[in-house]
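The block underneath contains the structure these notes are about, expressed in structure tokens.
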Amino acid sequence: MAKKAENALDLNKVRNIGIIAHIDAGKTTTTERVLYYTGMVHKIGEVHDGAATTDYMPQERERGITITAAAITASWRDHQINVIDTPGHVDFTAEVQRSLRVLDGGVVVFDGVAGVEPQSETVWRQANQYNVPRMCFINKIDRTGANFQRCVDMIVDRLSGNPVVIQMPYGEGADFGGIIDLFSMELVTFSGEMGTTIERHPIPESHREEAETRRTQMIERIVESDDFLTEKYLMEEAINNDDLLGALRAATIAGKVHPVLCGSALRNKGVQLMLDRVIDFLPSPLDIPPVKGIHPKTEEEVIREASDDEPVAALVFKIITDPYVGRLAFFRVYSGVVKAGSMLVNTSKGHRERIGRIVRMFADRRDDLEEVHAGDIAAILGMKDTFTGDTLSDPDKQIVLEKITFPDPVIEVAIEPNSKGDQDKMGIALRRLAEEDPTFKIEVDDKLGQTKIKGMGELHLEVLVDRMMREFNVQATVGRPRVAYRETITKSARVDTTFKRQTGGSGQYARVVIEFDPLTEEETPLAKDGILWVDGTKGGTVPKEFIKPTESGLREAAQGGVLAGYQVVGVKATLVDGAYHDVDSSEMAFKIAGSMCFKEGIQKGKPVLLEPTMKVEVNVPDEYTGSVVGDLSSRRGIILGMDTRSGATAVRANVPLGEMFGYATQVRNMTQGRGSFTMEFEKYSVAPQSVAEEVVKGGR
């Protein structure tokens, strides 16, 4: 039975936050503590035991990693906190992207030993893109080799962040005994079962001088962001903690500074203080600017305030297929009240959707709701045609919110069902998985009669195939991974194409003249699927109704290039001239002419093959550094730098993806099992001639 309609939320007491970080920094462990201390669970589930609440999929529990972003609602200090625990593995970066799109604030977790790692840089960049205010939690201070100050310095050097240290550890590594709060100037310790007993003590003499120095630095950093406090500070007037807290909150929400906290989630130290600071410093839905969108018909800008009195505007940011209840659509309400049983419009698709059951998510548990208010996050059951990035709007006052953009897949495998029965089931399974995951693409090769699936990495595809076999009971054979190459042109070309066919009665006639140019850096963001189409015709040489079909034919041709059949990107196509016939011209004729013209233009434009280059970081004991550097160089890697970390070295390099298959085994062999690496997509680069020839011959 649904809960009675919740009273309108006091939006000042709502926090929509994400826990974001590099893999293994301790996001899920931190989230488990949040659930425990807020009373949402009565037993802490550990990641290493495969029992974490938010890692509820079998694939997550077996691998000990987070794959999907899990949404949970908790309560702390009379505030409602909607927490999203996001994945850290680069293959699931889309989960972070879509979560940040709907969150108001983030807690970025860092490993106290490793500091800023490659995926930390990626999530930080994504948070910058969506202007998400964030604070930093330096975790694992209890580990041997932990270095709090080094992590703070890396936030400046690697992320160009502006950290304000508001806590410091009392001891590091095995000596970590508590946290010194630089506001209250007390030592906070955690004892009792699961660290629930919090005690405050005077700061011991051994750390008093450092604490006073750090407090002075903290005050200086805070007053820099506030003119009133700067004046007081210069006049040497006393500044109280309330003034400092208010100024730090304002500066954090404005994205000017990033408060830094520390602790050890696994040892139950510091998470309650972190929750306090989430409420103190991260924004409520009222603290962020009103959401902007456009009217679907007039394309005029529309603004919606975070208020129940405004018309409904909500964004669907995630789809999950549940084997028991069907499809779940997670959504963020930006304005208005979404009620169960009401009718809204999916303005992204232009059709109506009835809102069935609304549920509040608690990882994989659900509580029914009758309505969801502005600023809140929940999920809807039974949506038919609404997917990630779609806007739900009031039918009378429509709005389309900004879509979520996702990176293109860089790796593909061929997949074949084992029997006729599996073939039908596989089609359904792949379609459902693609609905959930915007970075998972399916392509059917008509020439080979083969199905290809594309994703962000080997682990990404491995997990999706595993889910297909378990959840949908499909048996299939999977080929070896292949790199998703691209093709582009290196010089301009002008092509004049005439398509003419006479077959009794009216024939087919279309002439188009298109100029092809390599895209500039400024033009690249304007391109759709890598192609920027420009109508440069004058005087109606090509009638308006034939311009769209010409573009359509050209875009279809771009799906398969002239070198090795890979998608063509980085091309600007300008239609400059053409001709038509009053009787014989048709949309189909211009579509074919556009396709023919494109193929010829790519041939003339000196085509080259592009290969995905990955940013790789290898962590190895010092004695193996030379071997690892030599091996990366042999894989056409460019070494970017090396960082020393207490007996180990982190080697950073850019390496082509095609050279990285099987690298995990190689690293283990070279370092007697003591090395590890992470890898994420960096950019597409021109492949050397020798590699291009091999790809064209089908050797790669």
Side-chain angles (χ1 to χ4, degrees), residues 294-300 347-350 400 403 405 408 443 446 486-563 565-608 610:
I294 58 165
H295 192 283
K297 294 190 173 71
T298 63
E299 296 202 352
E300 287 173 5
T347 47
S348 306
K349 300 262 173 56
V400 181
K403 295 247 334 162
T405 53
D408 287 333
E443 186 183 286
D446 294 328
R486 297 275 187 272
E487 296 180 23
T488 193
I489 57 173
T490 53
K491 70 167 202 169
S492 300
R494 181 185 171 103
V495 179
D496 187 336
T497 299
T498 302
F499 173 66
K500 195 189 286 184
R501 187 161 292 165
Q502 206 64 44
T503 51
S506 63
Q508 297 278 16
Y509 178 83
R511 175 177 168 247
V512 291
V513 181
I514 301 177
E515 288 177 355
F516 298 95
D517 299 288
L519 275 184
T520 64
E521 260 182 54
E522 293 75 35
E523 291 168 337
T524 300
L526 306 173
K528 181 185 166 198
D529 296 330
I531 305 291
L532 177 61
W533 169 259
V534 179
D535 173 18
T537 54
K538 293 186 179 77
T541 51
V542 177
K544 239 184 174 53
E545 65 268 25
F546 295 146
I547 288 171
K548 198 80 186 150
T550 308
E551 180 190 354
S552 172
L554 182 143
R555 288 191 179 279
E556 274 182 30
Q559 294 305 307
V562 297
L563 288 175
Y566 288 101
Q567 185 183 342
V568 178
V569 295
V571 175
K572 177 182 177 182
T574 309
L575 178 65
V576 291
D577 200 0
Y580 68 102
H581 188 279
D582 288 339
V583 178
D584 291 352
S585 286
S586 66
E587 288 189 3
M588 181 53 74
F590 273 90
K591 187 174 180 181
I592 294 168
S595 174
M596 287 166 58
C597 193
F598 185 80
K599 285 178 180 163
E600 191 182 334
I602 300 309
Q603 289 275 21
K604 280 185 170 179
K606 273 208 160 168
V608 291
L610 298 174

All heavy atoms of A573 vs all of I514, minimum pair found to be CB-CG2, 4.0 Å
Does the side chain of Y566 reach to within under 4.5 Å of the side chain of R486, using non-hydrogen atoms? no
For Y580 and T541 the tightest heavy-atom approach is CD2-O, 3.5 Å
Residues at least two apart in sequence or cross-chain that pass side chain to side chain contact (heavy atoms under 4.5 Å, CB included) with A557, listed by chain then number, are S595, F598, K599
Here the pair of heavy atoms bringing L575 nearest to I547 is CD2-CG1, 4.1 Å
With sequence neighbours left out, the residues meeting side chain to side chain donor-acceptor pair (under 3.5 Å) with D529 are none
Residues 510-524 vs salt bridge (Lys or Arg N to Asp or Glu O under 4.0 Å), sequence neighbours excluded, gives R494-E515, D496-R511, E523-K572
T488 meets the side chain to side chain contact (heavy atoms under 4.5 Å, CB included) criterion, sequence neighbours left out, with V571, V608, L610
Sequence neighbours excluded, the answer for salt bridge (charged side-chain N to carboxylate O under 4.0 Å, His left out) partners of E587 is none
Residue pairs passing the salt bridge (Lys or Arg N to Asp or Glu O under 4.0 Å) test with at least one member in residues 537-554, sequence neighbours excluded, are K548-E551, E551-R555
**Asked** Checking Q567 side chain against A558 main chain: does a donor-acceptor pair fall under 3.5 Å?
**Response** no
Looking only at heavy atoms, the pair that brings S492 and P518 closest together is OG-CD, 4.0 Å
Residues C597 and V512: closest non-hydrogen pair is CB-CG2, 4.0 Å
Residue pairs meeting ring-ring contact (aromatic ring centres under 6.0 Å, His included), one or both in residues 526-546, sequence neighbours left out, come to F546-F590
Sequence neighbours excluded, the answer for side chain to side chain donor-acceptor pair (under 3.5 Å) partners of K349 is D390
For S348, the side chain to side chain donor-acceptor pair (under 3.5 Å) test, sequence neighbours excluded, returns none
Taken to the nearest 0.5 Å, the spacing of L519 CG from I531 CD1 works out to 7.5 Å
Closest heavy-atom pair, T298 versus H295, reported as atoms and distance to 0.1 Å, is OG1-CB, 3.2 Å
With sequence neighbours left out, the residues meeting salt bridge (charged side-chain N to carboxylate O under 4.0 Å, His left out) with K606 are none
Those residues at least two apart in sequence (or on a different chain) that pass side chain to side chain contact (heavy atoms under 4.5 Å, CB included) with Q603 are V562
* **pair V400-I294: side-chain heavy atoms closer than 4.5 Å** => yes
Decide if atom NZ of K491 counts as having more than 12 heavy atoms of other residues, nucleotides or ligands within a radius under 6.0 Å.
no
The side chain to side chain contact (heavy atoms under 4.5 Å, CB included) partners of A589 (sequence neighbours excluded) come to F499, Q508, A510, S586
